[in-house]
Amino acid sequence: MSIYSGPARLILADGTRVPGTASLKTNQHGRPAGWGGTFRPDEATAAVRAAGDGLQIELPYEEFGDVAVTGTRRLLATQILMTLAGRGPAPF
């Protein structure tokens with residue numbers, strides 16, 4: 001199982017890059033192949049809250065992966081945590 005935890009940028013459908021922190025991993029044995037995890041944006045704007053499909057995650061050193069938001073929950077009054085499902089090869 002591969003993992004990544006650290007700085008990342010979520011790229012919205014309009015090309016806006018949203019900085020934040022990602023925690024990603026590949027699925028364990030016995031589950032369908034794939035990867036996913038969470039993303040906590042530094043700032044939770046309306047565009048970030050409305051994000052859903054057709055997104056990318058950018059990791060350091062220009063590594064990219066296609067993702068979809070499968071859930072969002074509030075952490076604090078100004079912070080959210082987004083659950084991501086990866087598509088294609090993992091960028092880590």
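The residues of the chain are indexed from 1 along the displayed sequence.
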Checklist entry - Which heavy-atom pair separates M82 from A51 by the least distance, and what is that distance? => result CE-CB, 4.3 Å
Checklist outcome for this item: Output for pair (L24 CG, I57 CD1), nearest 0.5 Å, gives 5.5 Å
Item to check | From L10 atom CG to R17 atom CZ, the distance as rounded to the nearest 0.5 Å | outcome: 10.5 Å
Next on the checklist: Parallel, tilted or perpendicular, judged at 30° and 60°: which one describes the rings of F92 and W35?
Outcome noted: perpendicular
Next on the checklist: Distance check, rounded to the nearest 0.5 Å: F64 atom CZ versus E58 atom CD?
Outcome noted: 4.0 Å
Checklist entry - Are the side chains of R40 and I80 in touch, meaning some heavy atoms are under 4.5 Å apart? => result no
Item to check | Heavy-atom pair with the smallest gap, counting every atom of A22 and A8 | outcome: CB-CB, 3.7 Å
Checklist outcome for this item: Here the gap from L84 atom CG to T70 atom OG1, rounded to the nearest 0.5 Å, amounts to 7.0 Å
Next on the checklist: Is there a side-chain contact (heavy atoms from CB on, under 4.5 Å) between V69 and L55? Walk through the geometry before answering.
Outcome noted: CA-CA 8 Å; V69 176; L55 312 175; 3.6 Å; yes
Item to check | Verdict with supporting geometry, L81 and R74, side-chain contact (heavy atoms from CB on, under 4.5 Å) | outcome: CA-CA 6 Å; L81 185 67; R74 182 180 286 195; over 6 Å; no
Checklist entry - Does S23 reach the main-chain N or O of G37 with its side chain, forming a donor-acceptor pair under 3.5 Å? => result no
Checklist entry - Can you find a pair of side-chain heavy atoms, one from V18 and one from L12, that are under 4.5 Å apart? => result yes
Next on the checklist: Using a strict threshold of under 4.0 Å (side-chain N to carboxylate O), is an ion pair present between R87 and D53?
Outcome noted: yes
Checklist entry - Is E43 atom CD crowded by more than 12 heavy atoms from other residues, nucleotides or ligands, each under 6.0 Å away? => result no
Item to check | Point-to-point distance, once rounded to the nearest 0.5 Å, from NZ of K25 to OG of S5 | outcome: 11.5 Å
Checklist entry - Any chain of hydrophobic side-chain contacts (each under 4.5 Å) joining V48 to I11? => result no
Item to check | Spatial distance of atom CZ (R73) from atom CD (Q79) [nearest 0.5 Å] | outcome: 11.5 Å
